[in-house]
Amino acid sequence: MGENLVIVESPAKARTIGNFLGKDYLIKSSYGHIRDLSKENLGINIQKNFTPEYVIPEDKKQVVRELKKASSDARIIWLASDEDREGEAIAWHLSEVLDLDPEKTRRIVFHEITKDAIDYAIKNPRSINNNLVNAQQARRVLDRLVGFELSPVLWKKVRPALSAGRVQSVAVKLIVDRERAINAFQPESSYRIIGIFIHTDPDGQQSAFRAELSVRPEKKEEARKILEYCSDAIFTVTDVISKPARKSPAPPFTTSTLQQEASRRLGFSVAQTMSIAQKLYENGRITYMRTDSVNLSKTALAAAKQVISEEWGEYYSKTRNFKTKTKGAQEAHEAIRPTYIENRSITATRNEQRLYDLIWKRMISSQMSEALFEKTTVKIDISGRNEQFLASGEVLKFDGFLKVYSETVDSETDENGKGLLPPLKTGDKVIPENIDAIQKFTNPSPRYTEASLVKKLEELGIGRPSTYAPIISTIQKREYIVKQDRPGKKYTYIILSLTGGEISEESKTETYGAEKNKLFPTDIGMLVNDFLVEHFTEILEYNFTADVEKEFDKIAAGNIEWTQMIEKFYKPFHERVQRTTKVSKKPTGERILGNDPQSGKTVSVKIGKFGPMVQIGNAGDTDKPRFASLLKGQSIETISLEEALALFKLPRKVGEFEGSEIIVGVGKFGPYIRHKSVFYSLRRNQDDPLTIENQAAIEIIKAKRDQIQNKTIRKYTEDPDLQILKGRWGPYIRYNKQNYKIPKGIDPDSIDYEACMRIISKKK
DNA sequence: CAGTGAGCGAGCTTCCGCTTGACTT
């Protein structure tokens with residue numbers, strides 16, 4: 001005992017390694033970083049050449065105590081933190097804090113947790129790479145400087161407790177820029193001309209297929225002319241080209257791709273995916289879930305090959321090694337995969353099983369053969385015209401990896417080009433059954449989901465696997481962005497139809513752009529973004545991180561001093577901070593909408609002390625100005641004069657119920673209705689306080705009454721204030737507006753009055 | 001619990017990237 005101490009970052013990893021190393025090795029975990037910059041002031045001594053002031057956070061003191069004891073007992077200490085910038089820094093902090101003797105200390109790394117990899121690592125130790133440590137210090141110090149100097153500017157100029165940072169501010173900018181692009185988007189329309197053609201083969205067998213005209217006319221008249229021409233044209237098949245096509249499987253999951261697929265297929269939020277994956281990892285079901293690597297260990301490759309061959313035959317197996325293309329990837333781990341590939345399914349909670357299944361399929365399919373197709377494209381001439389109809393079909397010849405898994409895509413897939421075409425030959429005549437010209441509108445880029453934002457950040461090299469979920473939660477906590485559903489807008493489009501030689505015209509209405517769980521910027525988010533972009537342009541640029549990463553790489557290569565790099569950044573940055581604090585005005589986002597038709601006064605919107613508001617009149621006027629808050633979903637950037645004026649109609653009377661009037665208004669906690677001095681919240685994303693009618697209001701009142709009744713499990717005659725209620729975590733006691741937990745071992749259905757009172761008095 | 005919008009002004013807030021628990025009214 002005590003011969004060797006191995007320190008890794010994660011306790012689950014420590015457990016696994018314990019199985020591979022013998023009794024002579026004690027494995028302990030550092031639980032990530034053990035030191036960080038002090039939170040007092042900057043935590044950096046600028047005068048002393050940016051010397052970092054490191055402290056051990058309160059919640060790490062116990063860990064450090066234990067590691068100190070273990071290391072002083074050990075003969076050799078093996079620092080086995082991850083092989084990346086952060087891991088190297090952890091190793092260095094450990095050696096400093098534990099005061100390790102270099103003679104007794106070995107730095108080792110392994111990318112996969114297999115016996116071979118660990119044995120190899122033990123046989124090939126090295127010393128701590130100080131250049132890499134310095135690159136990490138530069139990263140840490142830069143982030144602290146940016147975060148702790150920018151945030152106070154916002155406290156002074158916008159409102160307290162806001163934040164800004166290298167990563168979060170750019171994440172917000174992505175969402176703001178996208179929203180503005182959507183607002184500014186001008187849809188253009190064109191006509192897709194799609195025919196259903198009938199082909200008759202030599203035996204008289206008829207079959208129908210779809211083909212689309214090679215051009216899309218912009219004007220309805222043009223589309224109509226083409227249809228008119230088609231009504232007595234002759235259609236001849238010209239080119240028939242068949243060629244084989246193949247499709248390869250996607251690589252196994254990284255953090256980012258796992259989050260994307262779990263969001264699309266299982267509807268999980270990014271945070272939910274990570275917490276479920278964490279459980280799977282801790283239970284030894286999957287490899288580490290915070291990774292940017294698509295690499296697989298040799299043992300995993302061999303196991304996959306065996307599973308695939310046994311299940312579907314050897315020709316379904318194809319061993320592949322994937323290479324990471326992601327910017328800034330540090331590849332300290334394997335891809336995310338099942339630890340034991342032969343475990344097709346596991347016993348766990350339903351969501352754990354579903355996520356495991358996804359990970360299993362993705363990993364297995366990545367080691368399977370390509371799917372083979374035959375793709376056929378056909379051209380159909382229209383007599384006397386240059387345009388052609390095009391048809392394409394795809395036949396699956398060999399399913400390969402598709403047997404298990406196919407990656408989903410965000411965009412709508414084209415409905416053309418799927419399925420089988422009839423056996424067409426050059427020179428065949430085909431007859432149109434009907435031809436439609438359908439008006440189609442171009443769409444702006446879609447709003448981000450949590451997962452698609454992560455994808456974008458990863459592409460830009462911003463953030464790391466361990467921070468994607470926290471970034472999204474931070475910018476929501478600061479109220480820079482909101483995750484919301486929004487109803488779509490109705491739009492009308494035209495269909496011209498050629499059937500039986502006659503052309504008919506019809507207009508149809510559809511809803512477009514309904515959003516579910518999408519990320520929208522708030523007014524404060526846009527205001528802060530614009531302020532930062534104006535005064536700190538460089539930091540808000542999408543390639544800022546990529547640029548500083550290049551500097552960090554130079555530090556890691558030993559080509560520049562980290563303090564020099566920081567100094568070069570800090571001087572102009574700090575000056576900018578000071579100048580902005582001194583000279584810039586408080587941004588309000590004010591926008592003049594027009595004049596109030598009643599009073600003739602100016603109507604404006606801006607961010608007030610309590611959020612976005614409309615104002616009629618000005619502060620200096622003889623009458624005080626009138627104010628109203630904007631509703632959720634409204635924005636100072638897009639609200640119209642009419643919408644703004646409508647807000648002054650609240651509170652208003654909606655109607656009557658049970659002989660008393662119903663009033664609708666907007667309060668501290670959002671829109672409400674009041675009836676017999678009881679308040680009811682309006683249903684989110686459903687009711688609009690400006691338009692809600694009496695019937696809907698009555699429904700809300702009745703539903704709330706029902707809900708209260710269902711929530712009550714038990715009442716007591718002894719004391720009407722005492723109730724047993726059904727809550728989020730099961731039954732609980734409510735007494736005089738206080739809640740009490742029911743201790744384990746007591747049956748909530750049969751708990752009597754005395755027992756309740758005992759629990760209550762005990763708590764007090 | 002169901003607005004407010006203002007000229008006195010304490011002391012607080014904040015970054016990014018490694019890691020898990022503890023425990024919910």
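By convention in this document, chain letters (A, B, ...) are assigned in the order of the sequence lines, proteins followed by strands, and residues within each chain are numbered from 1.
Distances shorter than 4.0 Å separate none of the side-chain N or O atoms of A/Ser163 from OP1 or OP2 on B/dT13. Taking 4.0 angstrom as the limit, A/Arg290 places a side-chain polar atom (N or O) nearer than this to OP1 or OP2 of B/dT20. Applying the 4.0 Å criterion to OP1 and OP2 of B/dG17, one finds that A/Thr467 has a side-chain N or O inside that range. Applying the 4.0 Å criterion to OP1 and OP2 of B/dG17, one finds that A/Tyr468 has every side-chain N and O outside that range. The side chain of A/Arg140 places no N or O atom within less than 4.0 Å of a non-bridging phosphate oxygen (OP1 or OP2) of B/dC15. For the OP1/OP2 pair of B/dC18 and a distance below 4.0 Å, the side-chain nitrogens and oxygens of A/Ser466 include at least one atom meeting the criterion. Distances shorter than 4.0 Å separate none of the side-chain N or O atoms of A/Arg159 from OP1 or OP2 on B/dT13. The shortest distance between the side-chain N/O atoms of A/Gln278 and the OP1/OP2 oxygens of B/dT20 is below 4.0 Å.
Nearest nucleotide to the A/Tyr672 side chain, out of B/dG3, B/dT19, B/dT13: B/dG3. The side chain of A/Val167 sits closest to B/dG17 out of B/dT19, B/dG17, B/dT20. The side chain of A/Glu9 lies closest to B/dT19 when the candidates are B/dT20, B/dT19, B/dT14. Relative to the side chain of A/Arg478, the nucleotides B/dC18, B/dC15, B/dT20 differ in distance, and B/dC15 lies closest. Nearest to the side chain of A/Gln168, among B/dG5, B/dT14, B/dG17, sits B/dT14.
Within 4.0 Å of A/Ala164, counting heavy atoms only, lie sugar-phosphate atoms of the nucleic acid but no base atom.
No hydrogens or angles were tested; on distance alone, a donor-acceptor pair under 3.5 Å links the side chain of A/Ser629 to the base of B/dT4. A donor-acceptor contact under 3.5 Å is not formed by the side chain of A/Arg464 with the base of B/dC16.
Residues A/Ala161 and A/Met289 both approach DNA chain B. Their nearest nucleotides, taken by heavy-atom distance, put A/Ala161 toward the 5′ side.
Ring geometry, A/His93 versus A/Tyr54: the interplanar angle exceeds 60°, so the pair is classed perpendicular (tilted spans 30 to 60°).
The side-chain ring of A/Tyr31 is not stacked on the base of B/dC18, judged by centre separation under 5.5 angstrom and plane angle under 30 degrees.
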